[in-house]
**Student:** 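Can you read through this structure? Questions will come right after.
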Amino acid sequence: MSLNPGIVYLVGAGPGDPGLLTRRGYEVLRRADLVVYDQLANDRLLDIAPATAERVFVGKTQGKLTLPQDDMNRLLAERAGRGLTVVRLKGGDPYVFGRGAEEAEYLHAAGIPFVVIPGVTAGVGVTAYAGLPVTHRAAASAVAFVTGHEDPEAIANDRTSLDWPALARFPGTLVFYMGVTRLASICRTLVREGKPSTTPAAMVQSGTLVRQRTVIGTLDDLADRVAQAGLGPPALLVVGEVIARRPGLNWFEERPLFGRRIVVTRPAEETDRSATSLEDLGAEVLTAPTVVIRPVDDFSDVDHAITRLSEFDWLVFTSSNGVIHFLDRLLAKGLDLRALGSIGLAAIGPSTADALVSYHLRADLVPTSHRSEALAEALIGRASGKRILLARADRGRTILKDELERVAHVEQVTVYRNTDVSALPVEVANRIEAGSIDWITLTSSAITERLHALLPESARARIGREIRLASISPLTSEAAARLGWPVAAESADSTWDGLVAAIVNAEAASPTSRR
Ligand code: SAH
């Protein structure tokens, strides 16, 4: 026996949206030695576990279990027996049609401690995201979760575990799990046992995910409608009057960018925030940075500038990365914000100004139009004859320096580097080529040119046509136009939020046709 006894956590992963994992589930995942998971648990949850944790897939590939249930049970017990913290991540809730109880009973018999962390079951989570309340004072006072695993028409009455006449009489909402392939048979059986054929029925596929699809009908016609729409597992069948409430409750599918597939080409450091703002509107976001931001190889110029800060009147930033790299270096040298003294701070736009705010600094000057020309003009008015320090990337436009030099003493210091990536992520390249992308965002001329260079001709040809482009500024749009790519949406104010708004407006005016 190990001195440090291991344990198995049976954790409900929720129905798909990674945000539906419980806080307790998150805490144990963060310190797992081994994570055992299947296809119903969102892959993204695996990132919560330490990089060193072992990850074992035990779900189905092509309809077959990769690891039989007995072997999986033994794996859990054996690893926990060795003193490891084992997380068994199960889609939805571990005890709702998940064989979680069988796993727990096995562990109990083997003398292995276990803990169950419930999850949001599909019957509650998927329905909520599909605008289908499982109960409603006016429409259903009870709900039943039912397995759709058995084909009621193929199984002899004495062998079925379900009481179909009782289900047909059930005074409330019926939610069937695992029922896609037996959908027609389930609907017919309910009608045969006395449920009106006009009873509303719905099927929801891949609920709570960006690819969620919902088909609404009645017991009479749902199976045909589902077949026509081509829905497949995982899907939930919902039967009952609550379905009539959907028009006022369909918040998830009615978000402005629901189901739109958008490629974000910003540098990795910026993609998280950018991705979230699109995901919050319902989009599926794929990230494909074309440029990587790196610190400079040699800090001597930056360090020299930092020691001479008091010689300057203005410190000018043209990107949030500039702010971050400059100030992080200042702090890393053991200095603090007092090293800035009374220097004036200029930022090219709101996100650069926001980066300053995150260091408790307020920009003294932010031009209303966020481009170098406007920044130069605003500074010329205030910094004539003064000494200006420009903190910038190793490449980019020189117009700011050129303009300011006419009236002021200007020095530049390179505080970070842009390096090109050598290839796009394979999935993104494939999906652009296949045309299964709706939008690509372009946030600078350099990124636009780089993206063009990284794509094969066959993929380039789709862009600007089936795949629409959203640009952050007129300059970026011009760069795209030079490459033969027309832009379908342009930010009105050269900010990321403006770009997102432009996509929303373009979708409202001319929606991407859905699949
Ligand atoms: N333990 C899980 C259910 C496992 S059985 C839970 O509590 O949710 C698997 C069935 O769950 C699927 O066949 C499907 O009917 C349903 N299901 C799980 N996730 C789903 C999803 N995201 N969308 C629709 N149905 C889902």
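Atoms within a ligand are numbered from 1 in the order they appear, just like the ligands themselves. Please read all numbers here as calculations on a predicted model, not as lab measurements.
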**Student:** Which residue owns the protein heavy atom closest to atom 2 (C) of ligand 1, what's the atom, and how far is it?
**Tutor:**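 Scanning the protein heavy atoms, the shortest distance from atom 2 (C) of ligand 1 goes to G91 O, 3.2 Å.
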
**Student:** Can you confirm whether the side chains of D220 and T218 place a donor and an acceptor under 3.5 Å from each other?
**Tutor:**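 Short answer, no.
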
**Student:** Note the single closest protein heavy atom to atom 9 (C) of ligand 1, along with its residue, its atom name and the distance in Å.
**Tutor:**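 The closest one turns out to be L40 CD1, 3.6 Å.
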
**Student:** So that I know where these two stand, are F114 and Y9 an aromatic pair - ring centroids less than 6.0 Å apart?
**Tutor:**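 That pair fails the under 6.0 Å test.
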
**Student:** With a 4.0 Å cut-off on heavy atoms, is P233 in contact with ligand 1?
**Tutor:**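 It does not; every heavy atom stays at 4.0 Å or beyond.
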
**Student:** Does the side chain of S471 pick up a donor-acceptor pair with the side chain of S477 at under 3.5 Å?
**Tutor:**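 Distance-only check passes for S471 and S477.
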
**Student:** Is ligand 1 less than 4.0 angstrom away from at least one heavy atom of D93?
**Tutor:**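 D93: in contact with ligand 1 (<4.0 Å).
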
**Student:** I'd like to check which ligand 1 atoms, numbered from 1 as shown, lie under 4.0 Å from a non-hydrogen atom of P234.
**Tutor:**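 This gives 23 (N), 24 (C), 25 (N), 26 (C) as the contact atoms.
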
**Student:** Counting both backbone and side chain atoms, is some N or O of G123 under 3.5 Å from an N or O of ligand 1?
**Tutor:**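 No, G123 has no N/O under 3.5 Å of an N/O on ligand 1.
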
**Student:** For ligand 1 and Y177, I'd like to know whether there is a polar contact (N/O to N/O, distance under 3.5 Å).
**Tutor:**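 Between Y177 and ligand 1, no N or O pair is found under 3.5 Å apart.
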
**Student:** Drop me the distance from T85's OG1 to R30's CZ, to the nearest 0.5 angstrom.
**Tutor:**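 So the OG1 of T85 and the CZ of R30 are separated by 13.5 Å.
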
**Student:** Among protein heavy atoms, which sits nearest to atom 22 (N) of ligand 1, and what does the distance come to when rounded to 0.1 Å?
**Tutor:**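 I find the closest protein heavy atom is P15 O, 2.8 Å.
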
**Student:** Is the closest N or O pair between A235 and ligand 1 shorter than 3.5 Å?
**Tutor:**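 Yes, at least one N or O pair falls under 3.5 Å.
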
**Student:** Under 4.0 Å between a Lys/Arg side-chain N and an Asp/Glu carboxylate O for E103 and R99?
**Tutor:**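 Answer for the salt bridge query: no.
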
**Student:** Quick test: of every protein heavy atom, which one is nearest to atom 3 (C) of ligand 1, and how far off is it to 0.1 Å?
**Tutor:**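 Nearest protein contact, heavy atoms only, for atom 3 (C) of ligand 1 is V96 O, 3.4 Å.
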
**Student:** Identify the protein heavy atom lying closest to atom 4 (C) of ligand 1, giving its residue, its atom name and the separation to 0.1 Å.
**Tutor:**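 Looking at atom 4 (C) of ligand 1, the protein heavy atom closest to it is F97 O, 3.3 Å.
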
**Student:** Identify which of M178, Q212, K90 has a heavy atom lying nearest to atom 12 (C) of ligand 1.
**Tutor:**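 Considering heavy atoms of M178, Q212, K90, the nearest to atom 12 (C) of ligand 1 sits in M178.
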
**Student:** Verify the distance criterion only: is there a donor paired with an acceptor across the side chains of W496 and S277 at less than 3.5 Å?
**Tutor:**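 Yes - a donor-acceptor pair under 3.5 Å links their side chains.
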
**Student:** Is ligand 1 under 4.0 Å from a heavy atom in the side chain of S206, in the backbone, in both, or in neither?
**Tutor:**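 The part of S206 near ligand 1 is the backbone, not the side chain.
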
**Student:** Tell me: protein heavy atom nearest atom 8 (O) of ligand 1, and distance?
**Tutor:**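 Result: A122 N, 2.8 Å.
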
**Student:** Between R462 and E466 (salt bridge meaning N to carboxylate O under 4.0 Å), is one present in this structure?
**Tutor:**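 Looking at R462 and E466, the cut-off is met.
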
**Student:** Out of all atoms in ligand 1, which are within 4.0 Å of some heavy atom of T121? Include the element for each.
**Tutor:**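 Those qualifying, in numeric order: 6 (C), 7 (O), 8 (O).
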
**Student:** Regarding R260 and D438, does a basic nitrogen lie under 4.0 Å from an acidic carboxylate oxygen?
**Tutor:**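 Salt bridge flag = no for D438 with R260.
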
**Student:** Got an N/O contact under 3.5 Å between G16 and ligand 1?
**Tutor:**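 Min N/O separation from ligand 1 is not below 3.5 Å for G16.
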
**Student:** Run the salt-bridge test on R44 and E279 with the 4.0 Å N-O cut-off and return the result as yes or no.
**Tutor:**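 Looking at E279 together with R44, the answer is yes, because their closest N to O distance falls below 4.0 Å.
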
**Student:** Does E193 use its side chain to pair, donor to acceptor, with the backbone of A166 at less than 3.5 Å?
**Tutor:**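 Side chain of E193 to backbone of A166, a donor-acceptor pair under 3.5 Å: no, none is there.
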
**Student:** Take T512 and R468 through the test side chain to side chain donor-acceptor pair (under 3.5 Å) and record every step on the way to the result.
**Tutor:** CA-CA 9 Å; T512 299; R468 288 191 271 183; 3.3 Å; yes

**Student:** Tell me the contacting part of V204 for ligand 1: side chain, backbone, both, or neither, using a 4.0 Å heavy-atom threshold, strictly below.
**Tutor:**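 Near ligand 1, V204 shows its backbone, while the atoms from C-beta on stay back.
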
**Student:** Just to confirm my output: which protein heavy-atom neighbour is closest to atom 23 (N) of ligand 1, and how far is it?
**Tutor:**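 Ranking protein heavy atoms by distance from atom 23 (N) of ligand 1, first comes G207 N, 2.8 Å.
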
